[in-house]
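By convention in this document, chain letters (A, B, ...) are assigned in the order of the sequence lines, proteins followed by strands, and residues within each chain are numbered from 1.
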Protein chains: 2
Amino acid sequence: MKLSEGVEAAIHCTALLAQLEEGKTMPASALAEYHGLSQSYLLKHLKALAGAGILESVPGPHGGYRLARLPEQITLLDVVLAIEGPKPAFRCAEIRQRGPGALEPAAYVKPCGINAAMLRAERAYRSVLGETRLCDVLADYRNDADPRSIAFGCAFVERNQRPQG
Amino acid sequence: MKLSEGVEAAIHCTALLAQLEEGKTMPASALAEYHGLSQSYLLKHLKALAGAGILESVPGPHGGYRLARLPEQITLLDVVLAIEGPKPAFRCAEIRQRGPGALEPAAYVKPCGINAAMLRAERAYRSVLGETRLCDVLADYRNDADPRSIAFGCAFVERNQRPQG
DNA sequence: GTTGTCATACTCGGATAGCTCGTGTCCGAGTAAAAAGGG
DNA sequence: CCCTTTTTACTCGGACACGAGCTATCCGAGTATGACAAC
């Protein structure tokens, strides 16, 4: 089991975008600089987030990205699904229907118990992620992080946000 | 997020091994035939299960694999961890320590909130898997599956199990 | 001074190499059983 | 008939190609801005 590396970057970017003022945008170049990552790589994931309706992209000069919804309406699950895709981690290959003891497909209307158990676990995983909103992450950050980091973040946002109706 | 394909095979194999009589073993060739898979490939995962203490391997003629513990003492989590490895799905790369606003490492003693949230979700996932024992899976199987499948499975076990103290 | 046009620079978007990791396969080491030979 | 030795065949174990998916990068399409010229 392994999550894509880009998930971490995506969450950090959405968290940073949540801190800029209403309607303002921030270009991918600033997001990349802030996190010490390559802009070209971030664009790939930002595009996925925009395609999932989490971010909005504004083209042209003074353009950039901004949240498409309020931080209260964005969960970590939304971000993870946008990057990783909606398919469950455990994909039952129905190997019970293979081998010499296989019956006709109609005999397998009931779902595989193993698959059901794995999906139960994944539902629990997604449930926790779905209950964790972006605003919760931000609140924890403001409580726990070093004040200098928070100050630097605020200054960076102030410096790099762009107006855009 | 994607689980290894071998997890499904590993669970099915442990479930089949749980059905043979006390102390008896079953060779990998039979397991592969029953599931319609390649023996060479199964061996790779069976070896991982044996290394994790879930299975025991008996070499030589009339050898094979058997459960190292009772089905009540084996959980799906054990099997998944044996195949996928113990590392969590989300591995925090500490990108918060990168970029121009980075501070000295001592400023990051508190864990990253994003990482904490992701690990919370994964704990929930593992908790559900850890509560699902192999005997539960077997009970569901015996309740839900087609009687012909169960009969074939019993006959196959009876036919392919090998004595071995 | 105002307005329309044009060039410009900046943004995101899609298509393209490189690389790690899982999938799938092969051949070799080790062992218990079975067979053969001698007592 | 029983015991020892040898052979045999079967098992698992580790090492080796192949391929998919993620990582990382580059160049092209589109747009608001700003300058410029005509009115």
Qualifying residue, where the test is side-chain hydrogen bond (donor to acceptor under 3.5 Å, both in side chains) with A:Glu94 and the options are A:Gln97, A:Arg98, A:Arg91
A:Gln97
Counting only side-chain heavy atoms from C-beta out, which of C:dC12, D:dA24, C:dT23 sits nearest to A:Tyr41?
D:dA24
If we fit an axis to the first five pairs and another to the last five of the helix from C:dG1-D:dC39 to C:dG39-D:dC1, what angle do they make, to the nearest 10°?
0°
Taken to the nearest 0.5 Å, the spacing of B:Thr132 OG1 from A:Ile114 CD1 works out to 11.5 Å
Does D:dT23 have OP1 or OP2 under 4.0 Å away from a side-chain N or O of A:Ser38?
no
How many Å lie between NE2 on B:His45 and C1' on C:dC21, as a whole number?
13 Å
Quick one: which of C:dT25, C:dT31, C:dC12 gets closest to the side chain of B:Pro59?
C:dT31
When A:Gly60 and A:Leu42 are each assigned the nearest nucleotide of DNA chain D, the 5'-most assignment goes to A:Leu42
Write out a two-atom table: protein N or O, nucleotide N or O from nucleotides 13-15 of chain C, distance below 3.5 Å.
unit_1, atom_1, unit_2, atom_2, d
C:dG13, OP1, A:Ser57, OG, 3.0
C:dG13, OP2, A:Tyr65, OH, 2.8
C:dG14, OP2, A:Lys47, NZ, 2.6

Measure the distance from CD1 on A:Ile83 to C1' on D:dA24 and round it to the nearest whole Å.
15 Å
Qualifying residue for side-chain contact (heavy atoms from CB on, under 4.5 Å) with A:Leu134, from A:Ile54, A:Thr75, A:Leu70, A:Leu67
A:Leu67
Check ion pair B:Arg133-B:Glu72 (N to O, under 4.0 angstrom)
no
Which residues share a salt bridge (Lys or Arg N to Asp or Glu O under 4.0 Å) with B:Lys110, sequence neighbours left out
A:Asp144
Interatomic distance where CE belongs to A:Met26 and P belongs to C:dC12 [whole Å]:
11 Å
When the distance from CD of B:Glu5 to P of D:dG21 is rounded to whole Å, what number comes out?
11 Å
Starting from P on C:dT11, measure out to CG on A:Leu55 and report it in whole angstrom.
17 Å
Atom CD of B:Gln39 to atom C1' of D:dC12: distance rounded to whole Å?
9 Å
Please give, in whole Å, the distance from C:dT20 P to B:Lys2 NZ?
17 Å
Qualifying residue for salt bridge (charged side-chain N to carboxylate O under 4.0 Å, His left out) with A:Arg66, from A:Glu21, A:Glu22, A:Glu56
A:Glu56
Could you tell me the separation between the CZ atom of A:Phe90 and the P atom of C:dG22, rounded to a whole number of Å?
17 Å
Check the hydrophobic clustering (I, L, V, M, F, W, Y; side-chain heavy atoms under 4.5 Å; chains of links allowed) and say if A:Tyr41 and A:Leu43 are grouped together.
no
Please work out whether the ring planes of B:His35 and B:His12 are parallel, tilted or perpendicular, with thresholds of 30° and 60°.
perpendicular
Shortest non-hydrogen contact from B:Leu17 to B:Tyr65?
CD2-O, 3.6 Å
Examine C:dT11: is either OP1 or OP2 under 4.0 Å from a nitrogen or oxygen in the side chain of A:Arg162? Give yes or no.
yes
